[in-house]
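The model shown is predicted, which means the values in this text are computed figures rather than measured ones.
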Amino acid sequence: MSLPPGDDRTTPSGIPIDVVYRPGDGTFDYERELGDPGQFPYTRGVQPTMFRNRLWTMRQYAGFGTAAETNARFKHLLAAGQTGLSVAFDLPTQMGIDSDSPRALGEVGRVGVAIDTVEDMHTLLDGIPLADVSTSMTINSTASTLLAMYIVVAEERGIARENLSGTIQNDILKEYIARGTYIYPPAPSLALIAEVFRFCAAEMPNWNPISISGYHIREAGATAAQELAFTFANTVEYVTRAVAAGLHIDRFAPRISFFFAAHNDLFEEIAKFRAARRIYARIMRDRFGASDASCRMRFHTQTGGVTLQAQQPLNNVVRVTIQALAAVLGGTQSLHTNGYDEALALPTADAATLALRTQQIVAYESGVTGTADPLAGSYYVEHLTSELERAAMELIAKVDDIGGSERAIAATFFQEEIARSAYAQQLAVERGDTTIVGVNRFGDAEPPPVMPAPEYSRLEREQVSRLTAVRSSRNSRALQNTLDAVRNGAATYASQRGGIPVRGQAQLMSRIIDAVRARASAGEISDALEAEWGRYTPAI
């Protein structure tokens, strides 16, 4: 069909959109490209019946101020019908800085909960049935330490670690690419991640040792195609390191999970999730010889934080609903829906409850869960799925040519690609080519509402006081022995095979767990590792 002059529409990833799609435009080999749900290449979903028999996990992300306040929010959400926990940590915790450090001043409890020692973790999880509830923790540089704290809390309650289920994000590569909460250089960071893979495979069979994140890459300004490509380029790096460390692919790969964003273009986002499963399945089988069970890509989705607007904030309810639909129609395994007021401040309890209700209405009232992959066979959706796969594979090939993700980070390839994309997106909004309702069209004269800020100075004082009390009650000799063991273990990692742990090396996770038992703080453990590994300085 001919188009009028100038009507050259594209998706946000730049894929041209025709006026109409016909059978000849979206020809595909069903067995090769789709397969039934639950069958390789898993384009149509990882389970044969998908949500018909079991819904996704409704996992609302929460964390602010003190551990006690966050615990109260967890209990509120669980009582409202949430089916899994998701923990946000403050920046000092994410970067291995204790709350009483001068570097933490003004940041304690601001964008997540402050966790300094296992005593804070006890408070955070008080009254939560850890053997029954799955917990996701968005933590990267200090992921091994926070996992150790979770293990020790369970242990001190009499719960065996093999009965714990959940996920640590533990995805350091995207921190160098897009987010910035790194501590150590890439090589030892990757070694520590491989160690966590080994530990979880041996001792925590129900725990996901990594959630490889495209979400933060997308939030930094990447397109949907870049989100796919850079996430899977990082996946290749992680899997390669784990195999080099002596782990068999099928021993750890079934516990790899992913974390993607859902943005506003409904059909591109649905196609992105379908393409993601196909790309991952083929990479794992063709590159690593994985069995079919190791080729199933399971992922968590969060609605797009950067899509939320301070102007006319109730419009965000509609945006989040569209994004939640995309995630569900795309076959997500768990979902967080943002509160409509998050462009203004941390979400209120009412906004968090409404966000959860959004998921519940989609699940129980919309009818989209009645059949697996209801949009399969749509000429448009299949075309977008194939085009996103093609675009992502072209970018992955460029990373391969550079020598993998670690080298591509050093060459600033990812960073420059995302910067160009983010700049182009912002120009499109400022020119009016991209419409943001209530922002550059259909606005009003009312300024955005101002939300009251929590009293952070009080939170900071209370958190420092708790940390001081723990420090004063510890056995200093036992503490120092465990921290020395952590540092010695880190030195062993740094001395062999470019930082890749090999069989027979000191097992660092067990040493970190011992330090946590001795009430070492996250900052003290981080300092012990940094003493051997140094601190990463990004290329400019």
Side-chain angles (χ1 to χ4, degrees), residues 35 37-48 57 134 136 140 143-144 147 161-162 164-174 189-214 228-260 273-301 331-334 389 392-393 396 399-400 404-406 500-503 507 509:
Q39 295 180 0
F40 190 94
Y42 305 107
T43 310
R44 302 195 61 193
V46 294
Q47 298 295 338
T57 301
S134 170
S136 173
N140 296 283
S144 56
L147 175 59
R161 62 186 64 166
E162 58 264 27
L164 300 175
S165 63
T167 304
I168 45 172
Q169 191 163 95
N170 202 24
D171 175 7
I172 199 61
L173 291 174
K174 65 95 172 51
S189 295
L190 288 166
L192 184 55
I193 288 170
E195 159 67 359
V196 173
F197 278 21
R198 180 207 62 76
F199 176 83
C200 289
E203 303 196 32
M204 301 184 74
N206 299 313
W207 196 273
N208 300 320
I210 194 167
S211 176
I212 305 172
S213 175
L228 289 176
F230 299 162
T231 301
F232 291 124
N234 289 347
T235 301
V236 170
E237 189 80 56
Y238 290 129
V239 173
T240 299
R241 297 289 178 132
V243 171
L247 285 173
H248 188 278
I249 185 71
D250 291 327
R251 189 171 175 221
F252 68 90
R255 300 310 305 180
I256 295 175
S257 64
F258 290 84
F259 176 26
F260 288 109
F273 298 130
R274 299 174 83 249
R277 281 190 292 271
R278 196 154 77 203
I279 293 168
Y280 180 69
R282 289 174 173 167
I283 285 174
M284 293 300 282
R285 185 186 66 181
D286 298 345
R287 291 201 187 203
F288 298 104
S291 67
D292 279 5
S294 298
C295 295
R296 296 181 182 183
M297 194 203 79
R298 299 167 301 108
F299 65 98
H300 170 73
T301 307
T332 192
Q333 275 61 67
S334 68
E389 180 183 21
M393 292 307 298
I396 291 170
V399 178
D400 288 341
S405 283
E406 184 180 357
I500 299 175
V502 295
R503 289 186 180 129
Q507 294 181 350
M509 267 304 296

Check for a donor-acceptor pair, side chain of [X] on one end and backbone N or O of [Y] on the other, with a separation under 3.5 Å.
X: Glu195; Y: Met509; value: yes
X: Ser136; Y: Ile168; value: no
X: Arg298; Y: Ile256; value: yes
X: Asn170; Y: Ala143; value: no
X: Thr167; Y: Asn208; value: no
X: Gln333; Y: Phe299; value: yes
X: Asp171; Y: Asn140; value: no
X: Asp250; Y: Ser291; value: yes
X: Glu237; Y: Glu406; value: yes
X: Arg296; Y: Gln47; value: no

Are the side chains of Thr240 and Arg287 in touch, meaning some heavy atoms are under 4.5 Å apart?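 In short, these two side chains do not touch, never coming nearer than 4.5 Å.
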Compare all side-chain heavy atoms of Val243 with those of Phe252 and state whether any distance is below 4.5 angstrom.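 The answer is yes, as the side chains (C-beta and beyond) meet within the 4.5 Å cut-off.
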Check the angle between the aromatic planes of [X] and [Y] and answer parallel, tilted or perpendicular using the 30° and 60° thresholds.
X: Phe259; Y: His300; result: tilted
X: Phe197; Y: Tyr238; result: tilted
X: Tyr42; Y: Phe40; result: perpendicular

Pairwise distance CD1(Ile279) to CD1(Ile396) - rounded to 0.5 angstrom: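 Interatomic distance, Ile279 CD1 to Ile396 CD1, rounded to 0.5 Å: 5.5 Å.
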Give me the one residue out of Phe273, Phe258, Phe288 that meets ring-ring contact (aromatic ring centres under 6.0 Å, His included) with Tyr280.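 Going through Phe273, Phe258, Phe288 one by one, the ring-ring contact (aromatic ring centres under 6.0 Å, His included) with Tyr280 is satisfied by Phe258 alone.
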